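Please read the structure below before turning to the comments.
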Amino acid sequence: MRDAGFVRRWLATTARAVERDADRLTELDSAIGDADHGSNMRRGMTAVAAALEKEPGGTPGAVLLLAGRTLVSTVGGASGPLYGTLLRRAGKALGDAEQVTDDELRTALGAGADAVAQLGGAAPGDKTMLDTVRPAIEALPDYAAAGAAAARGAEDTVPLRARKGRASYLGERSMGHMDPGAASAALLFGALAEVAAADD
Amino acid sequence: MKMLINVPERVVADALRGMAEAHPELVVDVEHRVIVRRDAPVAGKVGLVSGGGSGHEPLHGGFVGPGMLDAACPGEVFTSPVPDQMVRAAAAVDSGAGVLFIVKNYTGDVLNFDMAAELAEEEGIEVAKVLVRDDVAVTDSLFTAGRRGTGGTLFVEKLAGAVAEEGAPLARVTEVARRAADSARSFGVALTSPTTPAKGSPTFDLPAGELELGIGIHGEPGRERRRIMTSGEIADYAVDVLLEDLRPDAPLLVLVNGMGATPLLELYGFNAEVQRVLRERRIAVARTLVGNYVTSLDMAGASVTLCQVNEELLRLWDAPVSTAGLRWGR
């Protein structure tokens with residue numbers, strides 16, 4: 001069973017990973033976007049870490065809702081609404097249970113991913129964060145496998161042609177570059193694997 | 001890269017503080033990043049709200065004032081604002097007559113304004129939206145995010161602003177904004193890449209002897225790279241691309257827009273070539289505007305926007321406007 005502390009540790013670990021890799025994310029974004037994904041995600045995750053410190057959410061669902069709301073309010077761009085929706089929808093799906101099973105967490109994240117797909121109108125293969133998020137969730141409840149699938153999913157976006165977001169304007173020239181959103185989503189699921197490994 | 005800044009994280013806040021000092025006719029909320037005309041909400045008037053990433057100045061904050069926008073929400077550099085800003089702006093300008101969101105077609109802008117519209121409606125504010133997608137360099141297909149909104153935004157904001165100032169209801173203001181958006185087409189050329197404060201080096205690599213045709217306004221590369229061309233050759237290329245898409249049967253408003261680092265000397269010279277090409281194609285020009293209006297930080301280059309107008313739109317274009325970035329007629 002996973003409690004609010006688990007989700008808080010997950011998000012704090014993600015914030016540290018984003019901080020560490022912000023320059024790399026921005027570098028990836030400068031190849032096919034507008035060179036701000038790293039600084040945007042860092043701003044958002046720093047705000048999430050601060051919000052969680054100030055307002056200790058009592059349930060896994062409440063923590064995810066707060067984190068999602070904070071991302072929507074601080075990130076901007078496409079990543080703000082998309083990441084915010086992923087976490088908010090997952091939080092909503094978990095409701096107010098004090099503890100959740102790994103299967104419940106998996107189902108909730110799946111609902112989050114569905115909402116992201118609907119909001120952005122993207123499908124797997126479009127070279128977006130979903131190319132990381134989908135395989136990672138499918139690998140759950142094996143957390144280590146989810147982290148590995150996420151990393152692989154991000155790598156798999158390299159040859160793809162972008163069909164959504166700003167990179168889509170590049171057409172064929174978007175090929176040969178990793179999608180920055182897929183890269184940051186790999187950090188999210190890498191952190192989840194790390195925290196689960198420390199827990200178990 | 002040398003920049004006149006303190007630290008990258010504070011670029012937008014510092015600019016807003018400076019804007020507040022220069023423009024007492026505006027209320028600049030630096031903390032929440034909303035720029036509102038001081039007399040808002042104007043009784044009975046539809047509120048016009050636009051916004052987008054910073055780095056495109058004077059768009060959008062420079063277009064707040066009588067005859068144009070009621071409020072603008074500047075995001076981080078090249079990053080759309082967040083819904084909280086838009087809802088705050090809508091609340092500040094709504095007099096009960098409703099609010100029109102003018103949105104450039106970029107994924108981030110669209111998603112955040114959609115969320116904001118939902119939230120504002122929950123607060124009892126009637127909201128309509130108009131999407132600007134004037135950039136013909138992007139193929140509008142299922143395989144892209146669709147045409148970008150660029151220079152045409154200025155026409156939409158000015159024409160809708162004028163009809164709103166006359167006291168037209170929300171449906172009518174929205175209709176004028178849609179008509180302006182549907183009638184405008186843009187095409188841009190980059191001679192250099194812009195440099196964002198966060199990255200500190202050019203976004204893309206453009207060698208000295210080359211230019212990029214069909215660029216957007218965020219340092220995203222365009223549709224074709226070529227050896228450097230003369231101003232006349234670029235005008236021929238750009239106008240031809242525009243006229244492939246827009247086949248005007250009425251006079252045009254022409255915007256020859258600088259991307260930030262191209263001097264007016266070059267822009268006026270480029271305008272001479274654009275006008276020559278239009279004359280050669282026997283296309284009537286009603287009004288022309290030349291200057292830096294929808295910029296991309298320090299990018300060198302220019303865009304051309306053509307907007308076909310009927311008598312009413314021309315009258316609205318000529319109506320008085322009083323903003324930091326655009327001012328005439330009073």
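Lettering of chains follows the sequences in order, A, B, ..., and the numbering in each one begins at 1. This is a predicted model, so every value here is computed, not measured.
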Closest heavy-atom pair and its distance - [X], [Y]:
X      : Y     : answer
B:T79  : A:G77 : CG2-N, 3.3 Å
B:T107 : A:A78 : CG2-CB, 4.0 Å
A:G76  : B:V82 : N-CG1, 3.3 Å

Could you tell me which portion of [X] (side chain, backbone, both or neither) has an atom closer than 4.5 angstrom to a non-hydrogen atom of chain A?
X      : answer
B:T196 : side chain
B:D84  : side chain
B:V77  : backbone

Check each atom of A:S73 against the heavy atoms of chain B and say whether the ones under 4.5 Å are side chain, backbone, both or neither. both
I need the [X] [atom1] to [Y] [atom2] distance, nearest 0.5 Å.
X      : Y      : atom1 : atom2 : result
B:M115 : A:L119 : CE    : CG    : 5.5 Å
B:I215 : A:Y169 : CD1   : OH    : 13.5 Å
A:T85  : B:L111 : OG1   : CG    : 8.0 Å
A:D29  : B:K199 : CG    : NZ    : 10.0 Å

Indicate yes or no for a side-chain donor-acceptor contact from A:S168 to the backbone of B:A145 under 3.5 Å, with no hydrogens or angles considered. yes
Counting heavy-atom pairs under 4.5 Å with chain B, the top scorer among A:G165, A:G121, A:S39 is A:G165
NZ/NE/NH1/NH2 to OD/OE distance under 4.0 Å, B:E76 and A:R42: no
Counting only heavy atoms not in A:R166 (residues, nucleotides, ligands), do more than 12 fall under 6.0 Å from its CZ? yes
Above 12 or not: heavy atoms from other molecules or residues under 6.0 Å from CD of B:E210? yes
